[in-house]
Every structure is written in C-alpha cells, then in structure tokens.
J.: 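This is the structure I want to talk about, given as structure tokens.
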Amino acid sequence: MAESKRIMSGMRPTGRLHLGHYFGALLNWVEFQSRYESYFSIVDWHALTTKYQDSRSVPQQVFEITLDWLAVGINPEEATLYVQSAVPEIAEIHLLLSMITPHNWVEREPTLKDMVRMLAADESEAREKATYGLLGYPVLMSADILSFKGQLVLVGKDQESHLEFARDVARRFNHIYSADFFPEPKPEFTVTPLLKGMDGMKMGKSYGNDIKIADTADETIKKVKQMVTDRTRIAKSDPGHLDLCEVPWPWYKAFADEQLKATVKDECENAKIGCVDCKKRLGGLINDRFAGFRERRETLAKDPDKVFEILHYGNTKARKVAAQTLSDMKEIMGMIDWSKKEQNWLKVAQNS
Ligand code: SF4
C-alpha cells in the first residue's frame, strides 16, 4: 500500500536509455512506485530547451523512453506515467511561477552556465543557444514538481541545486500569498553505483561508450569486450589488481552476487583467468539480467497503440491533479478561474 507522500521525477526524452540510467534512476523508481504515490514525467519541453531544432524527433524519443521505462518495470497501474506536454496546466503554472521568480535566481543557477558552455563553441554561439526557454528551465522544473505538490523528488546528487531552486520558489509563493500551499520538496537521493562507460569515462549516450537497455545480447558482448581493464596487466599470467581494473570490476560489483565477486577476485588476483574471458562472463551476466526487460521491450515496441493508451491513461490522471493545483493557485492569488462556468466572477474580483 502506497504511503500518502507524493514522489516526483522526470527524464528528458533524448534517446534510448543506457544501463547508467537504469542503475542511477529507474531501479529506484521501480522500488519507490509501490511505496509512494508516484509521478514519473517524460519532460519533452525540457528536451526543447537545448534541442529545439530537433522538435520533430520528440514523438519517437517519447516512444523509446516509454518502452525503456515499461520494460524495466515501471508499472502504469501503480505510478502515474505521463508526458509533460500532455499536461498544459504545467505550462500555466510555470507562467505564474515565473512572475514571482527573481531573474537573478535563474541567472545564478550553476548548471545553466555549464549547459551553455557545453552547447556553444564560442561567445556568439552561446548568445544564440542560451534561449529564453533555456534560461527559464529551473522555473519549468519547479513547475513540474509543484504542479503535483511533490513532497519527495528522486534526484542524483548532481541535481540537488535544482531542487533547492524549487524549494525557494515554493517558499516564495507561500510567503507572497500568505498561504501554506506548496510543500517544500525534499530530495530522495538515488543510490548510484559508479558505472563507467566502456572507455573508463563517464557513461553517456553522446560519448558512444554506453550499453543501452535496448541493446541485443550480441551488441552487449561486443561492447563489453571494449571495456578498459587493469592497464598494468599485460599477459594472462600477470596477476590482476581489482582496484586498477577500470570498468569490469565496478560492473561486477553492480551485477554479481557475493559468491561470484569472491570468485572474480580470486581468479583475477591469482592470474587464473584472462581479462578477455573475465569480460565474456560479465557480458553474459549483463545479458541474463536484462534478457527479460529486452524481451518485454521488443513485444511492446510492436504495439505502439498499447503504449499510446498507457500514456494517455497517465496523462489524464496527471492532468486532473495539475488542474486542481492550478485552480487552487488562482484562488489563493485571487485570480479568476475562467474554466469554472458557475463562479461569480464579479465576487472574485470584489474580494481581491
Ligand atoms: Fe578486471 Fe577481470 Fe581483468 Fe581482473 S581479470 S583485471 S577483474 S577484467
């Protein structure tokens, strides 16, 4: 039975998800969905803040990410799974919140500078890429959370500043309108084992060093073969060092049970196995763990109407909640809710 607390989290639809997404976020989402009232959003407007030229690819990306989520066990009967742009109330809430958010709050957001730096080669390109929408993304993110009055937000440590921002916005709204309306969302940090990319660097789809949830067994084995191991180990007869094994050992720690980890340690440190065979076994382990997910994903991919139906169901549920939040906000702000035919709008006007 889910606790009454609401939990919220979202992902940008920018491509098929990799195993870092699974261990860093989705695994926690699956665990939390039965414990809390959960809202999981495919934040497609956020994708446009940096990839506005690629807007036509968004529907396909929404489809792909939904397949990934469903395949790994996000359950639309337990969690509300929805697309941000299917809930236009979020946009209106974002607009209202943008009116009360001082612009220097947005400008000081540390991740914004990093994003612009990543997007642009020089100053003039930065001016063009740093759009109004990009500048306002922390407010949109606040609207994502506050539309559902999320009390807990599942985030990685690196996203803590976003949540701090949303908390400030919630506090400011409550203060300006003398209302105890928005809860101040608290972080629920996801536990992320350090899964590096095949080259030993941070795993990322743009770096081409990841393993996707949707990869086939053969693709996975091929990628695992590229994993950087202990660089000091030249010959098979050289003992290996787990602390120097850059990729396979940390992955074993994420995938293997205690018994297998002890076997790997013994075989590596005593030169009983070569890195090629050790990686082959790891590839098999990954494939075993993801075989069921991949099968489910493939089946769902053949039935886009069903996937659409699932999203439609979640979108409808999400809209109801966000519409209530918007209506309550307007009442607190003394604004007219034009969606209500029966209200005495002059009385609203006189009371304000
Ligand atoms: Fe890493 Fe396995 Fe090679 Fe040891 S044997 S260095 S754990 S790949």
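Computed from a prediction, not measured in an experiment: that's the story for all the values here. Every number for a ligand or one of its atoms is a count from 1 in the order of the listing. Numbers here simply count residues along the sequence, with the first being 1.
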J.: More than 12 heavy atoms of other residues, nucleotides or ligands under 6.0 Å from CD of E219: is that the case?
T.: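 Yes.
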
J.: Do me a favour and list the nearest non-hydrogen protein atom to atom 2 (Fe) of ligand 1 with residue, atom name and distance?
T.: C278 SG, 2.4 Å

J.: Tell me: protein heavy atom nearest atom 1 (Fe) of ligand 1, and distance?
T.: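 Checking every protein heavy atom, the shortest distance to atom 1 (Fe) of ligand 1 gives C245 SG, 2.4 Å.
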
J.: Looking at atom 8 (S) of ligand 1, what's its closest protein heavy atom, distance included?
T.: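 Going atom by atom, the protein heavy atom closest to atom 8 (S) of ligand 1 ends up being T229 CG2, 3.6 Å.
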
J.: Looking at P248, which atoms of ligand 1 are within less than 4.0 Å of one of its heavy atoms?
T.: 8 (S)

J.: Look at the aromatic rings of W249 and Y252 and report parallel, tilted or perpendicular, splitting at 30° and 60°.
T.: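 Correct class here is tilted.
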
J.: Do any of the N, O or S atoms of C268 sit under 2.8 Å from atom 4 (Fe) of ligand 1?
T.: yes

J.: Is C275 close enough to atom 1 (Fe) of ligand 1 that one of its N, O or S atoms comes in under 2.8 Å?
T.: no

J.: Tell me if the centroids of the rings in Y177 and F181 come within less than 6.0 Å of each other.
T.: no

J.: Numbering the atoms of ligand 1 from 1, which are under 4.0 Å from a heavy atom of L242?
T.: 7 (S)

J.: Any idea which atoms of ligand 1 are less than 4.0 Å away from a heavy-atom of R233?
T.: 3 (Fe), 5 (S)

J.: Keeping the roles fixed (side chain from N209, backbone from D199), state whether a donor-acceptor pair exists under 3.5 Å.
T.: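 The answer is no, because no donor-acceptor pair under 3.5 Å joins these two groups.
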
J.: Please check if any side-chain donor atom of R12 sits under 3.5 Å from a side-chain acceptor atom of T50, or the reverse.
T.: yes

J.: Should F290 and Y22 be marked as a ring-ring contact (aromatic ring centres under 6.0 Å, His included) after you check the CA-CA gap, both sets of side-chain angles, and the distance that decides it?
T.: CA-CA 10 Å; F290 281 84; Y22 175 72; 5.1 Å; yes

